[in-house]
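Below: the structure, in structure tokens.
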Amino acid sequence: MSTKLSVNLNAVAMLRNRRDLPWPSVTHLGRIALQAGAHGLTVHPRPDQRHIRFSDLPDLRALIDDEFPEAEFNIEGYPTDEFLDLVERIEPEQVTLVPDDPSQATSDHGWDFRKLHNDLAPIVERLNRKGMRVSLFADGDGDEESVALAKATGAARIELYTGPYGGCHDDSDRAAKELELLGKTADAAKALGLGVNAGHDLTVANLPALVRRVPHLAEVSIGHGLTADALEYGMKETVRRFVEACRG
């Protein structure tokens, strides 16, 4: 299978929000990304709207519906009642549930499935009933029991938190160890019929090795590294480079 690329627009929105101006436009850059071959767009609308604003969501939904009907919209967030109401209004193809506190700078750990799988199950069921695929943010630490508990919630996929792997950009030995842990986690998910996504600190340099180790990787969601490259190469060329990297 071919790993698909979802472009996370949070960093673009954060740059826009530094000024009370309409540029850079997340919708415009989302359009460029989809035209260049991205499979979908990802956003994480936090309560403080410090990057993606709630007002961005209908525009991005309309962009996909009107111009790229084969693409997918993925909305990430902590499952408060407000967040669940939001995604039910916008109807993304995928909802990625993350365990981070709204005050965190970024997601930096997966769910504690041993402690919270019973709490997550009714939330997953609620979203499943609305026809949205649910992915749960998970540590890529090789914990097979945790993966089984994630599967028991009724979620269709897990998203491997690849931050520790991405943080090894200057330590190849440690990167190899982190990659194997991610692979072991993904293998356990596949054995249970659970789909696998991945995201956090992935780059053109470290993505091919991940795809080779996890050939059944369904999707990667990439924002910070992709946006950084877009400053150098432009969004169109950057997406092309990341799509190529997704081939391993």
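What you see below is based on every heavy atom in this structure, not just the backbone, and it leaves out hydrogens, waters and symmetry mates.
Between Glu219 and Glu72 there is a side-chain heavy-atom pair separated by less than 4.5 Å. For the pair His44 and Val98, the minimum side-chain heavy-atom distance is below 4.5 Å. Within the 4.5 Å cutoff, the side chain of Leu86 has heavy atoms near those of the Pro45 side chain. Side-chain atoms of Phe83 and Ile75, non-hydrogen and from C-beta on, do get closer than 4.5 Å to each other. Counting only heavy atoms from C-beta outward, the side chains of Trp111 and Leu97 approach each other to under 4.5 Å. A 4.5 Å side-chain heavy-atom check between Asn197 and Ile158 finds every atom pair outside the cut-off. Using a 4.5 Å heavy-atom cutoff, the side chains of Val7 and Phe242 are not in contact. Asp201 places none of its side-chain heavy atoms less than 4.5 Å from the side chain of Tyr165.
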Pair Lys236-Gln35, side-chain contact (heavy atoms from CB on, under 4.5 Å): steps then yes or no: CA-CA 8 Å; Lys236 179 179 179 180; Gln35 288 173 336; over 6 Å; no

Residue pair Leu160, Phe137: steps toward the side-chain contact (heavy atoms from CB on, under 4.5 Å) verdict: CA-CA 6 Å; Leu160 298 174; Phe137 211 52; over 6 Å; no

Leu127 vs Leu84, side-chain contact (heavy atoms from CB on, under 4.5 Å): CA-CA, chis, key distance, verdict: CA-CA 8 Å; Leu127 296 172; Leu84 295 173; 4.1 Å; yes

Verdict with reasoning, Arg50 to Asp48, per salt bridge (charged side-chain N to carboxylate O under 4.0 Å, His left out): CA-CA 5 Å; Arg50 63 178 180 264; Asp48 62 8; 2.9 Å; yes

Chi angles and distances behind the side-chain contact (heavy atoms from CB on, under 4.5 Å) call for His39, Leu5: CA-CA 5 Å; His39 170 71; Leu5 171 67; 5.6 Å; no

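Atom-to-atom distance recorded for Ile32:CD1 and Ser25:OG is 9.0 Å, nearest 0.5 angstrom. In this structure, CD1 in Ile64 is found 6.0 Å from CG in Leu34, a value given to the nearest 0.5 Å.
For the 3.5 Å distance criterion, the side chains of Gln94 and Asn74 qualify, holding a donor opposite an acceptor. Counted by atom type alone, Gln49 and Asn17 present zero donor-acceptor pairs between their side chains at under 3.5 Å.
Identified under the salt bridge (charged side-chain N to carboxylate O under 4.0 Å, His left out) test for residues 170-180, with sequence neighbours left out: Glu180-Arg213. Pairs of residues two or more places apart, or lying in two chains, that qualify as salt bridge (charged side-chain N to carboxylate O under 4.0 Å, His left out) and include a residue from residues 6-34 are Arg16-Asp56, Arg31-Glu67. Here salt bridge (charged side-chain N to carboxylate O under 4.0 Å, His left out) pairs that include residues 83-96, with residues two or more places apart or in two chains, are Arg61-Glu93, Asp85-Arg126, Glu88-Arg126. Under the salt bridge (charged side-chain N to carboxylate O under 4.0 Å, His left out) criterion, the residue pairs touching residues 112-122 are Arg114-Asp143, Arg114-Glu145, with sequence neighbours excluded.
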If you look only at distance, which donor and acceptor atoms sit under 3.5 Å apart when one is on a side chain in residues 221-235 and the other is two or more places apart or in another chain?
| residue | atom | partner | partner atom | Å |
| --- | --- | --- | --- | --- |
| Ser221 | OG | Thr42 | OG1 | 3.3 |
| Thr227 | OG1 | Gly223 | O | 2.7 |
| Asp229 | OD2 | Arg241 | NH1 | 3.1 |

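Both Leu116 and Tyr161 are part of a single hydrophobic cluster, where members link through side-chain heavy atoms under 4.5 Å apart. Leu57 and Tyr78 fall within the same hydrophobic cluster, where Ile, Leu, Val, Met, Phe, Trp and Tyr residues are linked whenever their side-chain heavy atoms come under 4.5 Å apart, directly or through other members. Side-chain heavy atoms closer than 4.5 Å link hydrophobic residues (I, L, V, M, F, W, Y) into clusters, and following such links, possibly through other members, connects Ile90 to Val26. Hydrophobic clustering, with ILVMFWY side chains joined whenever heavy atoms are under 4.5 angstrom apart, keeps Leu29 apart from Leu15. The hydrophobic clustering, which links ILVMFWY residues whose side-chain heavy atoms are closer than 4.5 Å, places Leu181 and Phe113 apart.
The backbone N or O of Leu120 lies less than 3.5 Å from no partner atom in the side chain of Thr153, so there is not a single donor-acceptor pair. Under a 3.5 Å cut-off, the side chain of Thr162 and the backbone N or O of His200 do form a donor-acceptor pair. At least one donor-acceptor pair under 3.5 Å links the side chain of Asn206 to the backbone N or O of Thr203.
Closest approach of Thr185 to Asp139, counting heavy atoms only: CG2-O, 3.9 Å. A pairwise comparison of heavy atoms in Cys246 and Leu207 identifies SG-CD2, 3.8 Å as the closest pair. Across all non-hydrogen atoms, the minimal contact from Gly142 to Lys184 is O-CE, 3.6 Å. Across all non-hydrogen atoms, the minimal contact from Ala189 to Val196 is CB-CG2, 3.6 Å. Scanning both residues, Asp59 and Ser55, for their nearest heavy atoms gives OD2-O, 3.7 Å. Across all their heavy atoms, Ser6 and Leu41 have their closest contact at OG-C, 3.3 Å.
Partners of Ala156 under the side chain to side chain contact (heavy atoms under 4.5 Å, CB included) rule, at least two apart in sequence or in another chain, are Arg133.
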